[in-house]
Amino acid sequence: MQQAIDGRKFRYRCRRHTSYLSLRIMTIIRTYTQMKFRQFFTYIMLAGASVFVHAQGDGSTAYDFLNVTSSSLVYGLGGMNVSLVGGDINTIDQNPALLGAEMDNQVAFNYMRYLGDSNFAGLAYARSVGEHGAWAASVRYLGYGSMKETDVSGNIVGSFSASDVVFGGTFCYDITDRLRGGASLKLAYDSYAEYSAFAVATDLGINYYDPEKDLSLSLVVANLGGQVKRFDERYDRLPLDVRIGWSQSFASLPLRFSITAWNLTKWSLPYYDAGDGSSTDEMVRKDSFGSNLMRHLVFGIDYVGSDNFYIGLGYNYKTRTDMSTYSRSMLSGFSLAAGLNVRNFGIGIAFAQPHKGATTLMLNLSCNLNDFLE
């Protein structure tokens, strides 16, 4: 696989991190106003199951699942990274400009077993277009299992299922030998009990990469679009966002450092601090400059000294502070990823524990079909 990539002359140096896995979670928050009780109950259940539940007033939408990554490496680096240059097709959901012709004929599968009966899975495939372009197609399923259905009095009257499906298409092109641009189209279908909705979203991204300095800079406008079919009379907006990313290794140090700034369409991201969640003291609202700044940043560091394996560590301050009203653990906000290339296949895993009641483990499997055609 690596020989096939090295044989092509592209501006990106492809470290063969051939697979990783995905998950992050989604928040589906709606109010009782203008909603039938069953629909309201559905959303409450989904919101309660969500690990990455956002604090009130942070701009959450019913389509935050569009931000869930498909890459276990990205998940292990904090769940958000738009500048991670490499050979992994799963990273393109973070930035379409990370796709490249060097990923020709790569196929990847991602899976995560979440809380209860929740399962998340996806499949992606990439193909080159000449020497400077590429396209990719993907499908992702996010299922939340079976849930109890009740009437307004709380009596159980049956059960229902809830799921989201996202179909994606991406195209990228080398603008110069160091500058690459890309665009993604995402079609999201949502089904909760007898309610359904459909939305269309677009991601636009650009990436600058200097292979001599191993410096990567990215800018992404994510989730441009809107809801085509509504659940009911109320319109649910998409989580429009602007993101900036920096990744770089230094000299002979085999470590790559990353900082990603996101949620840049809204500066103020207050939260309520209740310590570790075990205290009965009154919650304190946090909205200082330092707190807001940190809640916009995701930090990551990964080992890049070998093409055969990788390991990464991430810290997401927003995840940790969002869990301040729950029984969070000392691991809240931290995440870990590791991967290995075995023959023609890549395997990646990621681990995180946002709070004591939620331990998540994700898996990526990938291969390049060219390796089997040679």
Side-chain angles (χ1 to χ4, degrees), residues 17 20-27 50-55 58-61 63-86 88 90-98 110 112 120 122 140 142 166 168 182 184 186 201 203-207 216-223 238-248 256-267 269 271 292-302 312-323 332-337 348 350-352 354 360 362 364:
H17 301 320
Y20 327 106
L21 204 224
S22 88
L23 176 149
R24 216 170 164 233
I25 273 199
M26 55 215 53
T27 47
S50 174
V51 159
F52 291 97
V53 61
H54 292 11
D58 71 350
S60 300
T61 77
Y63 285 89
D64 283 348
F65 62 85
L66 293 174
N67 294 328
V68 178
T69 182
S70 295
S71 167
S72 61
L73 178 56
V74 171
Y75 186 66
L77 295 180
M80 183 69 63
N81 192 310
V82 299
S83 56
L84 204 63
V85 171
D88 177 26
N90 288 309
T91 61
I92 68 175
D93 64 15
Q94 298 287 293
N95 180 357
L98 296 180
N110 61 79
M112 180 179 122
F120 308 100
R140 303 173 64 197
L142 304 100
V166 182
S184 292
K186 297 179 289 189
D203 294 346
L204 302 175
I206 192 167
N207 173 259
S216 176
L217 301 171
S218 290
L219 172 66
V220 176
V221 179
N223 303 316
L238 272 61
L240 175 65
D241 193 15
V242 176
R243 300 161 186 170
I244 299 173
W246 165 82
S247 294
Q248 187 174 8
R256 174 171 50 185
F257 301 87
S258 296
I259 300 177
T260 303
W262 68 307
N263 277 324
L264 298 183
T265 57
K266 183 179 179 65
W267 165 254
L269 299 176
Y271 73 97
N292 282 311
L293 176 63
M294 287 294 295
R295 280 169 64 80
H296 283 285
L297 302 178
V298 178
F299 302 90
I301 179 172
D302 62 310
L313 175 68
Y315 179 67
N316 189 320
Y317 180 75
K318 186 176 187 300
T319 297
R320 183 171 181 82
T321 51
D322 281 348
M323 292 296 105
S332 296
F334 291 95
S335 52
L336 180 68
F351 166 86
T360 59
M362 302 186 299
N364 277 170

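Starting from 1, each residue takes its place in the sequence as its number.
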Please walk me through it: do Arg243 and Asn67 pass side-chain hydrogen bond (donor to acceptor under 3.5 Å, both in side chains)?
CA-CA 12 Å; Arg243 300 161 186 170; Asn67 294 328; 2.7 Å; yes

Quick check: closest heavy atoms across Leu269 and Asn292, and the distance to 0.1 Å?
N-OD1, 2.6 Å

Can you see which heavy atom on Ser218 is nearest to which on Asn207, and at what distance?
OG-ND2, 2.7 Å

Partner residues of [X] under the side chain to side chain donor-acceptor pair (under 3.5 Å) criterion, sequence neighbours left out:
X      : value
Asp203 : Lys186
Ser247 : Ser83, Ser258
Ser184 : Thr170

With rounding to the nearest 0.5 angstrom, report the CG to OH distance, Asn90 to Tyr75.
15.0 Å

Are any non-hydrogen side-chain atoms of Asn263 and Asp241 less than 4.5 angstrom apart?
yes

Do Asn110 and Met362 have side chains that approach each other closer than 4.5 Å (heavy atoms only, starting at C-beta)?
no

Report the residues that fulfil side chain to side chain contact (heavy atoms under 4.5 Å, CB included) with Leu297, sequence neighbours left out, ordered by chain and then residue number.
Ile259, Ala261, Leu293, Phe299

Under the side chain to side chain contact (heavy atoms under 4.5 Å, CB included) test, residues paired with Tyr317 that sit two or more places apart
Tyr271, Ser291, Met294, Arg295, Tyr315, Thr321

Ring pair (Phe, Tyr, Trp, His ring centres under 6.0 Å) filter on Trp267, not counting sequence neighbours, yields Phe289, His296

